[in-house]
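Read through the structure below, which is laid out as structure tokens, and then see the notes.
Order of listing sets the numbers, starting from 1, for every ligand and every atom in it.
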Amino acid sequence: MHQNPIALIAGAGIRWFNVCVLYGSTPGTALRGHNKFIVSPMLTTVRGGRDVSLFSSRSVAVQVPYPVDRAYDYAVMDGLAGDVDVGTPGAYVEVPMGGRRVPGVVWGAAAGDVPENKVKMIVRAYDLPPMPEVHRRFIDWVARYTMAPRGAVLKMSLPVFDALDPSPPVTAYRLSEAGRAAFHAGGLPPARRRVAEILEAQFDRAFRPGVLAETAGCTPGVIRAMAEKALLVCEDVRPSAPCAAPRVSRDGPDLSPAQAQAASALCDAVDAGRFSVSLLDGVTGAGKTEVYFEAVARALKSGAQVLILLPEIALSNAFLDRFRARFGCAPCLWHSALTPAQRRDSWRGIACGQTRVVVGARSALFLPYPDLGLIIVDEEHDGAFKQEDGVRYHARDMAVVRGKLGDLPVALVSATPSLETMDNAWQGRYAHLKLPARHGTARLPQMHVVDMRKDKPGRQCFISPPLAEAVRACLDAGEQSLLFLNRRGYAPLTICRSCGHRIECPHCSAWLVEHRHGGAGRGNGNGNGEGRLHCHHCGYHMPIPEVCPSCGEADTLQACGPGIERITEEARELFPQARIEALASDLMEHPEKLRQALRRIREGETDIIVGTQIIAKGHHFPMLTCVGVVDADLGLSGGDLRAAERTWQLLHQVAGRAGREERAGHVYLQTFMPENRVIQALAAHDRDRFLEVELAEREAAWMPPYSRLVGLIVSGPDRKQAFDFALDLAKAAPQGEGVQVLGPAEAPLARLRSLYRFRLLVRADKTLNIQKALAAWLAGFKPPSKLRVQIDVDPQSFL
Ligand code: ADP
Ligand code: ZN
């Protein structure tokens, strides 16, 4: 038998293995290379010693959070890190890889396919509870289903490597005995007295100096001076987990009978502690949030962790206020706009199980909850739950998978459920909890269809006379109106009146959108988009040219069609006295500005809101009674599988903003197709009829939810090369019983960021293991280096 010196060194508790790792080599070679300096004294003792081959018996597979699909073998050294057994499946460890040290997770038994002397050694284990087994199975499942490398999915669970080590302590202050005495003797000047007052009121809490100064409204100098005078004592504290102790005993509002029934069904599901899916289905304003808060409280009471997924958390201040009012604390947040420190604290709080409630965007589903007991997916129909790059997953669907694997209840919540969910409810696979009416005296708004062929707006105008009149009446009554148009910027197209040339993005097959006022394009890094043309796909922008780039004539370029800037301009002309607030998603990059704008609206400082979909969801504005949908047809003509469904959902949500309290609401839908099914369904509040017809059409066309789709996008800088490759793929595609491959076809967005794009669409029977079929098919192809093939299982976008 061979001997392994490292094992004995380890046994002796010597930490020289770090040296091997630092040199980035396998333990064996590191020893050979460096034993003269470090290890040789040991080797002599080892040579004559026992035969211990810990290596082969103690290797494990470690998955690293990089886009690789398998876990690699690493050797375990005993006694690496105090309490944590490095070999435990799920242990968070650090391993050498490609000359660096990277974090990873012990995934299971070693594969044993690496020669023993090539196996590198785990550097250290992090002092954290292991990643739960159910979570690792979840990662495996998602990787298989989405056909993404497992390491890429793991990366979503391990997004901040810093979080693996405890956060550094921060300095905090509490009142000293001397400080307390001075305070009670009344001998402190005002600023110091305020500081002392805060600390005295929160007897057992230490405050960070910044927080303390801000709360007391004094300068940091005051705190420093008080510390120097020994009125305060300084200590090092570790930041505590966000949302550690929500109040669960606190009673919510009295529920209506329908609400109480739904709440008790959800609470029963929580009590059962088994996998189940419930659809909480109720019109906007029915009190769905109040209802599921009951289930949240119940789960928390039982000691479980709760996850609430929201589509756009950055916009959800009103929701957070309600959460705070009910549970007496802010929830732990998880979304893309967190600071690195917040991210770290949130992750640790969750992974260590101290944090009890998380309110997060889709990515929050991938955090390693040790005791998850309930998942709520609010606005389950929302497209934002689908991630469109990297690992392409749908968080609502994966939440159901997580519930199944973890044997826990999931609640999907919506006023406009997706067809997929509705079908599941109608088929009895999901429990269907209905809230048919709005809470209290609020009633659904009255719908008015404005036929734009008859009620024409003025030249170069977009607000029809009936809508203008309704807004005016609203102004006179001191109420608010909303003009909704889901299009940012001033005009979606710039056209030359002389030659008809349309200005297109040089990198994408898309028109450039004119922006007149301030910060426009996403990620353009140019805060001020004054009078520029922007590409909404790649961020390219340019000044509006003086002459037509095609025919060279001056003053012939004309803005075509409206964006919300243009509607704002028109509203200003029509209602010069009104206080107008324009809201587009550009504002999301300035959360404070957005908060201020929403506050002004809530507090009645705004008469007319002009907004994109940013304003459509979730908000509750008591004074808002009139909603005008400027272009209800927008989105209907896309030819996309879900065009009708999406438009209907969005417009229903927008309409749901009107008349949420005592005052009656009115909604005006401006359309050129008043007979269209979507418009008709909206006008009649006839949701189920609309969904039934949509479902019947999907069934007839063998489309989801009756079949499964997978999109393949081949893209590359050379059009012919990309097309030829796509064509080769198509020729070898599986065809036959239960599976069909359509294409290749030029993508609707045929060029994006200078890459040409072609699409294939796989359609398969839902009983077929489509991933397996795809893997077999694609295994025969290796795209040339400049080409990319993206796989999108259950695509939402067909662009
Ligand atoms: P949804 O989530 O269905 O749109 P919400 O939960 O936001 O509805 O409720 C709409 C409004 O009605 C909110 O202001 C909410 O606080 C209020 N509300 C709902 N149910 C009750 C209740 N049982 N008692 C008091 N207020 C309620
Ligand atoms: Zn572009």
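Each of L307, L372, V410, D397 was evaluated against R402; a single residue qualifies, L372, per the side-chain contact (heavy atoms from CB on, under 4.5 Å) test. A salt bridge (charged side-chain N to carboxylate O under 4.0 Å, His left out) with E746 is found for exactly one of R751, R759, R719, R757, namely R719.
Contact annotation: G282 has no heavy atom less than 4.0 Å from any atom of ligand 1.
Across D281, D254, V291, T289, heavy-atom proximity to atom 2 (O) of ligand 1 is greatest for T289. The residue among R326, K288, R322 with a heavy atom at the shortest distance from atom 3 (O) of ligand 1 is K288. By heavy-atom distance, the residue among H620, Q653, E379 lying nearest atom 11 (C) of ligand 1 is H620.
A salt bridge is defined here as a Lys NZ or Arg NE, NH1 or NH2 lying under 4.0 Å from an Asp or Glu carboxylate O, and R516 with E565 fails to meet this definition.
Ligand 1 places these atoms under 4.0 Å from at least one heavy atom of V283: 3 (O). Heavy-atom contacts of L255 reach the following atoms of ligand 1: 23 (N) (cutoff under 4.0 Å).
A donor-acceptor distance shorter than 3.5 angstrom exists from the side chain of R566 to the backbone of G561, with no hydrogens or angles considered.
Between H541 and H534, the ring planes lie parallel to each other; the angle is under 30°, not in the 30° to 60° tilted range. In this pair, Y668 and H448 present their aromatic rings parallel. The plane angle is below 30°, not in the 30 to 60° band.
Inclusion of P253 in the set of residues having an N or O under 3.5 Å from an N or O of ligand 1 is not warranted. Polar contact check, S256 against ligand 1: no nitrogen or oxygen pair lies under 3.5 Å apart.
With ring centers used as reference points, F293 lies under 6.0 Å from F327.
In this structure, SG of C505 and SG of C508 enclose an angle of 110° at the Zn ion (ligand 2), rounded to 10°. Centred on the Zn ion (ligand 2), the angle running from C538 (SG) to C535 (SG) is recorded as 110°, rounding to 10°.
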